[in-house]
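Structure first, then comments.
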Amino acid sequence: MSVLLAPSILSADFAYLAEAVAAAERGGADLIHVDVMDGHFVPNITIGPPVVKSLKRIAKVPLDVHLMIMDPDKYIGPFAEAGASMISVHVEVLPHLHRTIHAIKALGVKAGVVLNPSTPVVAISEVAADVDYVLVMSVNPGFGGQTFIPRSESKVADVRALLEKAGNIAAPVEVDGGIDIHTVTRIVKAGARMLVAGHAIFGSGDPERATRDLKLAAIAALQD
Ligand code: DX5
Ligand code: ZN
């Protein structure tokens, strides 16, 4: 399994999203990470299906949609229709997580489950065999540019072990929050194979170069 880099457009200039996506793609982005926030589950409000639909028109790589919303079941259909290739949902808001995962898959979209920093890994043990990927939050969701929580490292390793135990070897662990050139090595070594990065890429003066540098560092971490 190689490492996939998913630049998060949350830190891009929303007036120039097409340029942001193109720069990340030139730098080697494997996915584009889209952060959907509702002002309830998290304090911030961002974007909805119409923006995903527009992004789908211009993006060459798949759209990785991260739903930070209170009632994801209501919006899975619209985001799938808008062009999401992957949809991840927070376990903290879903009493019927198994049903939600299979509803996402039934739409032909990859289904991911997300754990907040304070949510224990055991919360997903019963669905570990069902998911296409697991997203470990390495910051509290809501904003870009926050500091990586070091405890996330052992959590990634624990999620990896859970997926192996469940026989779900193909499902990668994704990490989101505070990933930059300094934190990338240890998180890849812990077992992360999909990396979200917002501020490190779009907060830099040169997103194309930042994408390339981060991806090279991730691949190097995999090899030594
Ligand atoms: C945080 C979002 C992240 C965010 C990561 O709530 O889920 O995807 O964009 O941004 P950085 O890389 O700046 O921590
Ligand atoms: Zn995210």
Side-chain angles (χ1 to χ4, degrees), residues 3-14 17 20-21 23-24 27 29-48 51-52 55 59 61-70 72 75 79 84-93 110-119 132-153 155-156 159 172-188 192-207 210-211 213-215 217-218:
V3 188
L4 303 182
L5 186 57
S8 163
I9 54 164
L10 183 63
S11 290
D13 183 340
F14 278 20
L17 282 181
V21 168
D30 300 285
L31 307 163
I32 294 296
H33 186 83
V34 182
D35 287 306
V36 176
M37 305 185 187
D38 66 351
H40 292 276
F41 179 60
V42 290
N44 204 357
I45 300 178
T46 55
I47 62 183
V51 177
V52 170
L55 287 169
V61 298
L63 300 177
D64 166 26
V65 175
H66 175 193
L67 298 184
M68 286 161 276
I69 61 179
M70 282 311 293
Y75 296 98
F79 279 106
S85 296
M86 305 159 61
I87 294 178
S88 57
V89 292
H90 275 260
V91 306
E92 297 84 9
V93 296
K110 285 192 176 153
V113 291
V114 195
L115 296 167
N116 271 340
S118 65
T119 305
D132 291 312
Y133 60 104
V134 176
L135 172 48
V136 172
M137 288 308 300
S138 40
V139 297
N140 288 292
F143 304 95
Q146 301 182 80
T147 305
F148 178 83
I149 299 171
R151 165 89 182 149
S152 319
E153 225 173 297
K155 196 169 187 183
V156 165
V159 171
V173 180
E174 182 173 32
V175 179
D176 185 359
I179 304 298
D180 60 18
I181 207 78
H182 307 291
T183 51
V184 63
T185 306
R186 51 192 165 128
I187 209 68
V188 170
R193 292 296 177 266
M194 290 198 291
L195 308 172
V196 177
H199 182 74
I201 289 175
F202 296 111
S204 80
D206 187 344
T211 303
D213 289 350
L214 201 53
K215 197 168 165 185

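Order of listing sets the numbers, starting from 1, for every ligand and every atom in it.
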Nitrogen or oxygen atoms of Met37 and ligand 1 under 3.5 Å apart: no
Atom 12 (O) of ligand 1: nearest protein contact (heavy atom, Å): Gly198 N, 2.8 Å
Distance filter under 4.0 Å to Pro141 heavy atoms, resulting ligand 1 atoms: 6 (O)
Pair Asp35, Ser8: side-chain N/O donor-acceptor within cut-off below 3.5 Å: yes
Identity and distance of the protein heavy atom lying nearest atom 13 (O) of ligand 1: Gly145 N, 2.7 Å
Those atoms of ligand 1 less than 4.0 Å from some heavy atom in Ala197: 12 (O)
Carboxylate-amine/guanidinium contact Lys110 Asp64, below 4.0 Å: no
Contacting atoms of ligand 1, where contact means under 4.0 angstrom from a heavy atom of Gly178: 11 (P), 12 (O), 14 (O)
Heavy-atom nearest neighbour in the protein, as seen from atom 2 (C) of ligand 1, with distance rounded to 0.1 Å: Asp35 OD1, 3.4 Å
Atom 10 (O) of ligand 1: the protein heavy-atom neighbour that sits closest, reported with distance to 0.1 Å: Gly144 CA, 3.7 Å
Apex the Zn ion (ligand 2) - arms NE2 from His33 and OD1 from Asp35 - angle rounded to 10°: 90°
Atoms of ligand 1 close to His199 [distance to a heavy atom under 4.0 angstrom, numbered from 1]: 11 (P), 12 (O), 13 (O)
Polar proximity ligand 1 side, Val196 side, N/O cut 3.5 Å exclusive: no
Contacting atoms of ligand 1, where contact means under 4.0 angstrom from a heavy atom of Met137: 7 (O)
Sub-4.0 Å atoms of ligand 1 with respect to non-hydrogen atoms of Leu10: 4 (C), 9 (O)
Shortest protein contact, atom 5 (C) of ligand 1 (heavy atom only): Asp176 OD1, 3.3 Å
Heteroatom distance test (His66, ligand 1): nitrogen or oxygen, under 3.5 angstrom: yes
Atoms of ligand 1, numbered as shown, that sit under 4.0 Å from any heavy atom of His33: 8 (O)
Side chains of Asn116 and Thr119, donor plus acceptor under 3.5 Å: no
Min N/O separation Gly142 to ligand 1 under 3.5 Å: yes
The Zn ion (ligand 2) to His66: nearest N/O/S atom name: ND1
Heavy-atom nearest neighbour in the protein, as seen from atom 1 (C) of ligand 1, with distance rounded to 0.1 Å: Phe143 O, 3.5 Å
Nearest neighbour in protein (non-hydrogen) for atom 9 (O) of ligand 1: Ser8 OG, 2.8 Å
Donor on one side chain, acceptor on other, Asp176 and His33, under 3.5 Å: yes
Any Gly177 heavy atom less than 4.0 Å to ligand 1: yes
Close-contact set for ligand 1 against Met68 heavy atoms, below 4.0 Å: 6 (O), 7 (O)
